[in-house]
Amino acid sequence: MHVCGIILVTGSAGRIGQAVVAELQRRRYRVRGFDRVKTPGLEDAVIGDIADAKAVHQAATGVEMILHLAATPDDADFMTELLPNNIVGVYNILEAARLSGARRIVLSSSGQVNWWQRMAQHWPVRVDDPPSPRYWYAAAKVFAESIGRGYAETHGLSVIAVRLGFCPRNKAHFQEVISSEWAQDVYLSPGDAGRFFACAVEAPDVHFAIVFATSKPKHCVHLDLEPARQVLGFEPKDTWPEGIEMALMSEPERAL
Ligand SMILES: NC(=O)c1ccc[n+]([C@@H]2O[C@H](COP(=O)([O-])OP(=O)(O)OC[C@H]3O[C@@H](n4cnc5c(N)ncnc54)[C@H](O)[C@@H]3O)[C@@H](O)[C@H]2O)c1
């Protein structure tokens, strides 16, 4: 898809959002951020809350595409966190996409949508296997995917829902990945995350798609990467621990 207008990135100040903004800037796209905190290195960055419909609609005015990452990124209190950020926020951003005439929206979902399939150990999980959401956070992601399909069919908006792998945000996450082969296989490096969203921007002719996005698995393919490759042309480059920052490691790991 040829994109010359503004790409709105919500959650632009976050772990994955910053990587996405950096990759889009590298490819010379016009990027607008939207986050409740300041986005480093981005001039056109709106500070606002995704649960505030007016702020979202203003930020989306005139944009060509929306990459929706703003959310509470894991399980948290449903009424005070997930409901406003991950449910009302999805409603606001889809309505803003419809009213602004954006051509495409990319919705960040999660591998946690297929959580309990881990018990059956039938790998890889495919995108059209029945979801088994881990808990409220993942159930809210299923909601986003479902209504994303509804907007594609009802309003002709191009919608891509991506079940993202594990992009460690802090030292505790880093330790979690070190101690689990499964986590290493669903690792998503910041660089691959940026490249994935750039592919989602550039892919032509997508009506509605759900895809998984991880880096290259180290031991075993847990999440089927074929739809991302076939529909969006996404090929991950990194394998755990490639692309992870030294800052997340403790001293002994840095010395290795
Ligand atoms: N990092 C991962 O491993 C992972 C895995 C699967 C899915 N995801 C999804 O990817 C997206 C980004 O996750 P992340 O890891 O970058 O998380 P993050 O917490 O680093 O970034 C989220 C950003 O959204 C912003 N935000 C949160 N609530 C907001 C609100 N109400 N209004 C405006 N901005 C708000 C935060 O300020 C933050 O900058 C989320 O949708 C998350 O659910 C992340």
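What's counted below: heavy atoms across the whole structure, side chains too, no hydrogens, waters or symmetry copies. Indexing begins at 1, ligand by ligand and atom by atom, following the structure's order.
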His68, portion touching ligand 1 at heavy-atom distance under 4.0 Å: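 Neither part.
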Looking only at heavy atoms, is any part of Ser109 under 4.0 Å from ligand 1, and if so is it the side chain, the backbone, or both, or is it neither?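 Near ligand 1, Ser109 shows its backbone, while the atoms from C-beta on stay back.
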Counting neighbours of CZ on Arg118 that are heavy atoms of other residues, nucleotides or ligands and sit closer than 6.0 Å, is the number greater than 12?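 For Arg118, atom CZ is crowded (more than 12 foreign heavy atoms under 6.0 Å).
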Other residues, nucleotides and ligands only: do more than 12 of their heavy atoms fall within 6.0 Å of CE on Met79?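 No.
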When the ring planes of Phe78 and Trp136 are compared, do they come out parallel, tilted or perpendicular, using 30° and 60° as the limits?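 Phe78 vs Trp136 ring planes: tilted.
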With only distance considered, is Pro168 within less than 3.5 Å of ligand 1 through an N or O on each side?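 Pro168 vs ligand 1: no N/O contact under 3.5 Å.
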Pairs of nitrogen or oxygen atoms closer than 3.5 Å, one from Ala51 and one from ligand 1: do any exist?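 No, there is no polar N/O contact under 3.5 Å.
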Option passing ring-ring contact (aromatic ring centres under 6.0 Å, His included) with His222 (candidates Phe166, Phe212, Trp123):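 Running ring-ring contact (aromatic ring centres under 6.0 Å, His included) over Phe166, Phe212, Trp123 with His222 returns exactly one hit, Trp123.
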4.0 Å heavy-atom contact, [X] with ligand 1:
X: Gly165; value: yes
X: Lys141; value: yes
X: Pro84; value: no

Identity of the nearest option to atom 10 (O) of ligand 1, non-hydrogen atoms only, from Leu164, Asp74, Val90, Val186: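 When every heavy atom of Leu164, Asp74, Val90, Val186 is considered, Leu164 comes closest to atom 10 (O) of ligand 1.
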Are Tyr137 and Trp115 an aromatic pair, judged by ring center distance below 6.0 Å?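 Ring-ring flag for Trp115/Tyr137: false, centres at least 6.0 Å apart.
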